[in-house]
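Residue numbers begin at 1 in each chain, while the letters A, B, ... track the order of the sequences.
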There are 2 protein chains.
Amino acid sequence: MTITASNAAKQTFIPLARALARAYQAFASYDAAGYQNSDLTVSQADVLFTLGNTAGLTFTEIGDLTLITKGTLTGVVDRMSSKGLVKRLAITSDRRYTKVVLTTKGNKLFAIEFPRQIEYLKKRFDKIDDNTRQQAITILNKLVDSFD
Amino acid sequence: MTITASNAAKQTFIPLARALARAYQAFASYDAAGYQNSDLTVSQADVLFTLGNTAGLTFTEIGDLTLITKGTLTGVVDRMSSKGLVKRLAITSDRRYTKVVLTTKGNKLFAIEFPRQIEYLKKRFDKIDDNTRQQAITILNKLVDSFD
DNA sequence: CAATAATAGTCCTAATTAGGACTATGTCAA
DNA sequence: TTGACATAGTCCTAATTAGGACTATTATTG
């Protein structure tokens, strides 16, 4: 059947798309509120937490892990760098790469903010039982696959 | 058990948070690619599709439906307005409100872009069977509830 | 080896984003 | 009625966002 402007809204997948957007939005805004009293933005925290307990990562690696695109990441790392949280390290073996590593200050902040935020998120995720959580992961991965 | 920087990453809810972010991201980036050949951004399309087949909505209503916050919405509507897609209408019964309505041009664009984008999204959502789709909606709504 | 292709990161632009201050308007209770 | 409070929308700011052009570097292939 042809999709027109008047019947398009009846497509049965629309409630799913909405539910996905709403669930992500609810999570993202609760998550963001957790950083109110820190000097971190969500993206900066994302990078900080990704770099924690590593020996440094390249821009591409950080981008893959955080879903922040390269153009954005340059700016995020710049701002973290001017706060003294991270440093850029040249890689001599392949000079296209740059490694980003936490400074001592970055590590200290990680040690405080990471467990604090996890504890904060846990309050809400604890409302979800193990079974539902497992199902949710399985189903969300199916969604990811369908968009490959 | 106390959460520390070194054990925080072992929290069992973390894979769920990641899966949610990845699923939304996969959807959002596929969705965005659908507007490549149109003169619409994702937010503008969101507003256009929300206003289609209505007699106009207030900023608050549009914000609730699209999840775009008020500060952002002013700018989005401004840009759509300067493209001639929407108009602001004063509401005399309560002068705090402004109604946003599609112009003739906006309606024409809606009639083209809405079914086109729905058809485009359907290609991927059709990979998901009915049963999985229903389960996904149920589970995503549970996630939303846990963040209330 | 030399030309071509691929990869990493930066820079640039327009738009979105959240949040809060601000103005205008309306509601409600004393 | 008037003062306190709530609501709607705009304006402002700093940061993020995607995407593409650009430079530098490395890999591939003829």
Side-chain angles (χ1 to χ4, degrees), chain A residues 21 24-48 56-83 85-100, chain B residues 21 24-48 56-83 85-100:
Chain A
Y24 176 73
Q25 221 283 357
F27 163 70
S29 91
Y30 179 78
D31 183 47
Y35 299 108
Q36 287 276 1
N37 299 320
S38 78
D39 191 33
L40 289 170
T41 64
V42 173
S43 298
Q44 289 172 16
D46 205 357
V47 172
L48 181 72
L57 298 170
T58 66
F59 277 84
T60 305
E61 289 170 333
I62 298 173
D64 289 343
L65 291 167
T66 60
L67 308 180
I68 299 174
T69 52
K70 65 185 178 9
T72 304
L73 198 50
T74 296
V76 174
V77 169
D78 281 349
R79 275 165 231 115
M80 294 179 75
S81 189
S82 54
K83 286 188 200 171
L85 299 176
V86 299
K87 267 196 307 190
R88 282 175 169 86
L89 282 190
I91 302 284
T92 49
S93 60
D94 186 333
R95 291 159 65 203
R96 288 173 299 184
Y97 292 83
T98 305
K99 212 167 216 179
V100 183
Chain B
Y24 176 74
Q25 222 283 355
F27 164 70
S29 92
Y30 179 78
D31 183 48
Y35 299 108
Q36 287 275 2
N37 299 321
S38 78
D39 192 33
L40 289 170
T41 64
V42 173
S43 298
Q44 289 172 17
D46 205 357
V47 171
L48 182 72
L57 298 170
T58 66
F59 276 84
T60 304
E61 288 170 332
I62 299 172
D64 288 344
L65 292 167
T66 60
L67 307 181
I68 300 173
T69 52
K70 64 186 177 15
T72 305
L73 198 50
T74 296
V76 174
V77 169
D78 281 349
R79 275 166 231 114
M80 294 180 76
S81 189
S82 54
K83 286 187 199 172
L85 300 176
V86 300
K87 268 197 305 191
R88 281 176 169 85
L89 282 190
I91 302 285
T92 48
S93 60
D94 186 334
R95 291 160 65 204
R96 288 173 299 184
Y97 293 83
T98 305
K99 210 167 217 178
V100 183

- [ ] Would you kindly give the CZ-to-P distance between Phe59(A) and dA18(D), to the nearest whole Å?
- [x] 16 Å
Task: Sugar-phosphate only, base, or nothing, as touched by Thr60(B) at under 4.0 Å among non-hydrogen atoms - done: sugar-phosphate
Open item on the list: Checking contacts here: which listed nucleotide (dG26(C), dG9(C), dT26(D)) is nearest the side-chain heavy atoms of Asp94(A)?
Closed with: dT26(D)
Open item on the list: Under 4.0 Å, heavy atoms only, any strand: does Ser29(B) hit a base, just the sugar-phosphate, or nothing?
Closed with: nothing
Task: Reference residue Val86(B); test side chain to side chain contact (heavy atoms under 4.5 Å, CB included); the match among Val100(B), Asp78(B), Leu48(B) - done: Val100(B)
Task: Among dT17(C), dG9(D), dA27(D), the nucleotide that comes nearest once only the side chain of Arg96(A) is considered - done: dA27(D)
Open item on the list: At 4.0 Å (heavy atoms only), tell me whether Thr72(A) reaches a base, stays on the sugar-phosphate, or touches nothing.
Closed with: base
Open item on the list: Does Lys83(A) have more than 12 heavy atoms from other residues, nucleotides or ligands lying within 6.0 Å of its NZ?
Closed with: yes
- [ ] Considering just the side-chain nitrogens and oxygens of Arg88(B), establish if one lies under 4.0 Å of OP1 or OP2 belonging to dT10(D).
- [x] yes
- [ ] Let me know the distance between NZ of Lys83(A) and C1' of dA14(D), rounded to the nearest Å.
- [x] 11 Å
Open item on the list: Looking at every heavy atom in both Gln44(A) and Asp39(A), which two are closest together, and how far apart are they?
Closed with: OE1-O, 4.0 Å
Task: Out of dA8(C), dA15(D), dG9(D), whichever nucleotide has its closest atom nearest the side chain of Tyr97(A) - done: dA8(C)
Task: Integer-rounded Å distance: dA8(D) P and Glu61(B) CD - done: 10 Å
Open item on the list: Whole angstroms only, please: what is the CG-P distance between Asp31(A) and dA18(C)?
Closed with: 13 Å
TODO: Can you see which heavy atom on Leu73(B) is nearest to which on Phe59(B), and at what distance?
DONE: CD2-O, 3.2 Å
Open item on the list: I need the CG-C1' distance between Leu73(B) and dG9(D), as an integer number of Å.
Closed with: 10 Å
Open item on the list: How many whole angstroms separate atom CG of Leu89(A) from atom P of dG9(C)?
Closed with: 13 Å
Task: Lys99(A) NZ to dG9(C) P, straight-line distance once rounded to whole Å - done: 11 Å
Open item on the list: Let me spell it out: for each of Val42(A) and Ala33(B), pick the nucleotide of DNA chain D with the closest heavy atom. Which residue's pick is nearer the 5' end?
Closed with: Val42(A)
- [ ] Indicate yes or no: at least one non-hydrogen side-chain atom of Asp46(A) is less than 4.5 angstrom from one of Leu67(A).
- [x] no
Open item on the list: Tell me whether the side-chain N/O atoms of Thr69(B) come closer than 4.0 Å to OP1 or OP2 in dA18(C).
Closed with: yes
TODO: Name the residue closer to the 5' end of DNA chain D, choosing between Gln36(B) and Thr58(B) according to the nucleotide with the nearest heavy atom.
DONE: Thr58(B)
Open item on the list: Less than 4.0 angstrom between a side-chain N/O of Ser43(A) and OP1 or OP2 of dT17(D), yes or no?
Closed with: yes
Task: Interatomic distance where NZ belongs to Lys70(B) and C1' belongs to dA24(C) [whole Å] - done: 15 Å
Task: Distance, nearest 0.5 Å, that separates CG of Asp64(B) from OG1 of Thr69(B) - done: 11.5 Å
Task: Nearest-nucleotide pick for Thr74(A), side chain only, options being dC11(C), dG26(C), dT7(D) - done: dC11(C)
Task: Nearest-nucleotide 5' precedence on DNA chain C, Gly71(A) against Val76(B) - done: Gly71(A)
